[in-house]
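Note: hydrogens, waters and symmetry copies are ignored here, and every other heavy atom, side chains too, is used. Convention: sequence-line order gives letters A, B, ...; per-chain numbering from 1.
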2 protein chains.
Amino acid sequence: MAATIIEVAKLAGVSPATVSRAFGKPDLLSERTRGAVLAAAERLGYTPNRAAKGLVTGKTGNIGILLPDIVNPFYPPVVKGATDRAAAADLSVFLATTELDPRRELTVAREMAKQVDGLVLCATELRDDEVAELAAQCAVVLVNGEKPQLPSVVVDTGPGMLEAVEHLAELGHSRFDYLSGPATSWSNERRMSFLRRQADRLGLRVEVRGPFSPSYDAGTVAADEVLASGASAVIAFDDQMALGVLSRLHELGIDVPGQVSVIGCDDVLPVGMARPALTTVKAPCARLGRAAVEVLLGGATEVRQQSYQGNLVIRDSTGPAVRRRPRGHAAPRPA
Amino acid sequence: MAATIIEVAKLAGVSPATVSRAFGKPDLLSERTRGAVLAAAERLGYTPNRAAKGLVTGKTGNIGILLPDIVNPFYPPVVKGATDRAAAADLSVFLATTELDPRRELTVAREMAKQVDGLVLCATELRDDEVAELAAQCAVVLVNGEKPQLPSVVVDTGPGMLEAVEHLAELGHSRFDYLSGPATSWSNERRMSFLRRQADRLGLRVEVRGPFSPSYDAGTVAADEVLASGASAVIAFDDQMALGVLSRLHELGIDVPGQVSVIGCDDVLPVGMARPALTTVKAPCARLGRAAVEVLLGGATEVRQQSYQGNLVIRDSTGPAVRRRPRGHAAPRPA
DNA sequence: TTGTATGCGTTATCAA
DNA sequence: TTGATAACGCATACAA
C-alpha cells in the first residue's frame with residue numbers, strides 16, 4: 001500500500017540508495033537530484049519506514065515511558081513533558097502502565113526495551129538487577145527513583161517539606177501525622193525521612209500512618225486514624241489522599257483548619273477548589289518528563305541525578321493549632 | 001547485543017525456521033523440539049524482534065492513540081481503557097498529543113500510521129479527506145468524532161443533557177446559558193444541539209456563550225459573561241470550565257446555587273470536593289478507550305458507531321431558581 | 001515434522 | 001556525486 005524507496009527511485013530515475021540519502025544525508029546529494037527525489041517522494045506520499053530503518057541502524061527512533069497509573073493525576077503532566085520533548089526530537093513514544101503490579105512491570109519493560117532506544121521508568125518497583133538487565137538493552141532513566149549506575153530525575157521534596165513543617169511550627173502545631181504512600185515508593189521514603197529530620201530539628205513530633213494507596217478513598221480511611229491519634233495537623237503523601245481526608249473530616253463535622261490542618265503534595269489537581277482550598281507542596285511534574293527525555297537524548301552518561309525543587313503553596317486548609325484530644329478517649333491528653 | 005533467531009537455532013541444534021515456528025506456530029512442532037528451542041531461547045534471553053517481524057508480516061503489533069492534550073483530565077481514563085485493552089491483546093501503544101494544533105495533528109498522525117496496525121483518533125480536527133488518507137494506511141477508529149465510512153466510539157450526551165435540562169426545569173429555571181467548548185469540537189456540537197432541542201421541548205431558553213477553551217481559566221472568564229446575561233443557571237462544556245465558573249462566582253460573592261446554578265460535564269475530576277460540590281453529567285471515559293481498541297481488534301468493519309451513555313450526577317451546585325437581573329442593568333428584567 | 005531459500009524496506013560499504 | 005550489493009531479524013512458500 002505505502003510507497004517504498006524503490007518506487008520513488010524508479011519515479012525519480014535514480015537508485016534506491018540515492019533516495020535513502022535524500023532523506024538521511026541530504027548534503028551528500030547534488031541539489032538537482034535531491035530536488036527530483038523529494039518531488040517524487042512527495043507525489044507518492046512516501047516517508048521512510050522506521051521499522052526497516054531501525055533494523056539496519058539499530059536505532060528505533062522510539063522511546064518508552066512506563067508508569068504505575070496514568071489516572072494518577074501526578075503523571076499526565078510528566079507524560080506531557082516527555083512527549084513534548086520527544087516530539088521535538090522526532091521520537092515516537094510508547095506508553096505503558098504497570099497497574100501497580102511489579103511482575104507485570106518487568107514483562108512490559110522487557111517488551112518495551114526491545115523496541116526503543118530509551119526507557120523512562122517512573123516510580124519503578126523493579127529490583128536493581130532487573131533494571132540493570134534493561135539498561136543493558138537500552139538507555140534507561142529513572143523518574144522519582146534511584147538505582148546504582150543509572151541516571152535519574154527526581155522531585156526534590158526537601159525544601160517543600162521543610163517549608164511545610166516550618167509552616168506548621170509557626171502555626172503552633174507541636175505534632176502532626178504523615179500519611180504514608182505505597183511502602184515501595186522511593187518518593188514516599190524520601191519524603192518521610194525529610195519530614196522526620198525537619199520535625200526533629202524544629203522540635204515537632206511526627207507519627208507515620210499507613211502505608212496507604214495514593215487515592216482519594218485511602219484518604220477517607222486515613223482521616224479516621226488521624227482523628228483517633230489526636231494530631232492537630234496532617235501531611236498526606238499526595239493531593240488525592242489529602243482530598244479524601246478533607247472529605248471525610250467534612251463529613252464528620254470536623255472543621256478544617258479550625259480543628260485539624262491538612263497539607264497535600266503535588267498541587268496537580270485543581271485543589272484550590274477543595275473545601276477548604278488545599279495547602280500543598282507543589283511538584284514540577286512537567287519538568288520531570290522533559291528532563292528525563294533530555295537525559296535519554298544526551299546519552300545518559302553525564303550527570304548522575306537531576307532534581308527539581310517543589311515549594312509550599314499555602315491556601316486555606318492550614319491554620320493555628322488547637323489542643324485536641326484523641327477520639328474515643330474520655331480524658332484530655334496531657335501536652 | 002540481543003540474541004537473534006539464528007543464535008537460538010544454533011544452540012538448540014535446529015534451523016532458524018524452527019525457532020520462528022516455536023514462537024509463532026508452536027503446534028507445527030513436535031513437543032520435543034519445541035521444548036529444546038524454548039529452553040535455548042530462555043538461556044539466551046531471546047524474544048522475537050517485533051520490528052523485524054512486522055517488516056515481513058505487515059503487522060506491527062502496535063496501535064497508536066492520538067489526542068489533543070493528556071493534561072485535560074478527560075483523557076487519562078480514556079488512555080487507561082485503551083492501554084489496558086491493548087495490553088490484554090499483546091499490543092504496544094504509541095501515544096501522541098496534538099497540542100490542539102491541526103497541522104501538527106496531521107503530521108503526527110501520518111507518522112504514526114506507518115508504525116501501527118490501528119489508530120485511535122480522539123476529538124480529531126482533521127478534515128474528512130485527511131482522515132480518509134490515514135484510513136487507507138491502517139485501521140482507524142474515532143473517539144468522540146464522526147467521519148464518513150469510519151467506525152467511531154462516542155459518549156452519548158443525549159440522555160445526560162436531557163436529565164440536566166429537566167433538572168433545571170424542575171428547579172424552576174426558565175433559562176440557562178451553555179458555555180461552549182472549542183468551535184471545532186464534535187462533542188460540543190452534539191451537546192449544544194441536544195441542549196437546544198431539550199430546552200425547546202421543555203420550554204426553557206438557552207443562550208450559547210463562547211467558544212471557550214476547555215480550561216479552568218476560560219471558566220473564570222465565562223462566569224462574568226453569565227452574570228452579565230442574567231441567566232439563573234449555566235451548563236459548561238466540561239468540569240474544568242465549570243470549576244472555573246465556580247471559582248469566579250465565589251470570588252465575586254455570588255452564591256451557588258442560591259443565585260446561580262452550575263452544571264459541569266464529565267465527572268472526571270474529584271469535583272465532589274468543589275465548593276460547592278459540582279453537579280455534573282458523567283461520561284464513561286474508560287469504556288471509550290477500551291471500546292475503541294476493541295473496534296480496532298475486530299477489524300473495524302461491523303458496527304458503524306458505538307455510543308456510551310452518560311448520566312446526571314446531582315450534587316450541591318444546582319438549586320431552585322431565583323429571579324436575577326443582569327449585572328450592570330439598573331432595571332429589573334421582565335420575565 | 002523440519003530445513004532451505006527468499007524477501008520485507010532500509011542503510012552502509014564499497015566501487016565507480 | 002551516485003550506484004550496486006550485502007546485511008538487519010524474521011516469517012513463509014516450498015521442498016524434503
> Should the ring pair B:Phe94 and A:Phe94 be called parallel, tilted or perpendicular, given that the plane angle runs from 0 to 90° and is split at 30 and 60?
Replying inline: parallel
>> Checking contacts here: which listed nucleotide (D:dA11, D:dT2, C:dT11) is nearest the side-chain heavy atoms of B:Val56?
In response: D:dA11
> B:Ser15 side chain: which of D:dT12, C:dT2, C:dG3 is closest?
Replying inline: C:dG3
> What is the distance, rounded to the nearest whole Å, between atom CZ of B:Arg50 and atom P of C:dC8?
Replying inline: 23 Å
>> Starting the side chain at C-beta, find the nucleotide from D:dA4, C:dT2, D:dT1 nearest to A:Ser30.
In response: D:dT1
> Roughly, in whole Å, what's the span from CG in A:Leu28 to C1' in C:dC14?
Replying inline: 14 Å
> To the nearest angstrom, how far is B:Glu7 atom CD from D:dG9 atom P?
Replying inline: 8 Å
>> Applying a 4.0 Å non-hydrogen cut-off, can you work out what B:Val19 is touching in the nucleic acid: base, sugar-phosphate, or nothing?
In response: nothing
> Nearest to the side chain of B:Lys53, which nucleotide is it out of D:dT12, D:dC10, C:dT10?
Replying inline: D:dC10
>> Categorize B:Arg21 for me: base, sugar-phosphate, or nothing, with a 4.0 angstrom heavy-atom threshold over every strand shown.
In response: base
>> What I want to check is whether the side chains of B:Asp117 and B:Thr60 have a donor and an acceptor closer together than 3.5 Å.
In response: yes
>> Students often get this wrong, so: under 4.0 angstrom with heavy atoms, is A:Lys25 touching a base, only sugar-phosphate, or nothing?
In response: sugar-phosphate
>> What's A:Pro48 touching, base or sugar-phosphate or nothing? Going by heavy atoms closer than 4.0 Å.
In response: sugar-phosphate
>> Side-chain N or O of B:Ser20 versus OP1/OP2 of D:dT12: is the shortest distance under 4.0 Å?
In response: no
> Do any side-chain nitrogens or oxygens of A:Thr57 fall under 4.0 Å of OP1 or OP2 in C:dT10?
Replying inline: no
> Quick one: is D:dG9 close enough that its OP1 or OP2 comes under 4.0 Å of any side-chain N or O from A:Lys114?
Replying inline: no
>> Is there a side-chain contact between B:Thr4 and the phosphate of D:dC8, meaning an N or O under 4.0 Å from OP1 or OP2?
In response: no
>> Base, sugar-phosphate or nothing for A:Phe23? Non-hydrogen atoms, less than 4.0 Å.
In response: nothing
>> I'd like to know if B:Lys10 and B:Glu7 make a salt bridge, using a cut-off of under 4.0 Å between side-chain N and carboxylate O.
In response: no
> Which nucleotide in the set C:dT10, D:dC8, C:dA12 lies at the smallest distance from any side-chain heavy atom of A:Leu55?
Replying inline: D:dC8
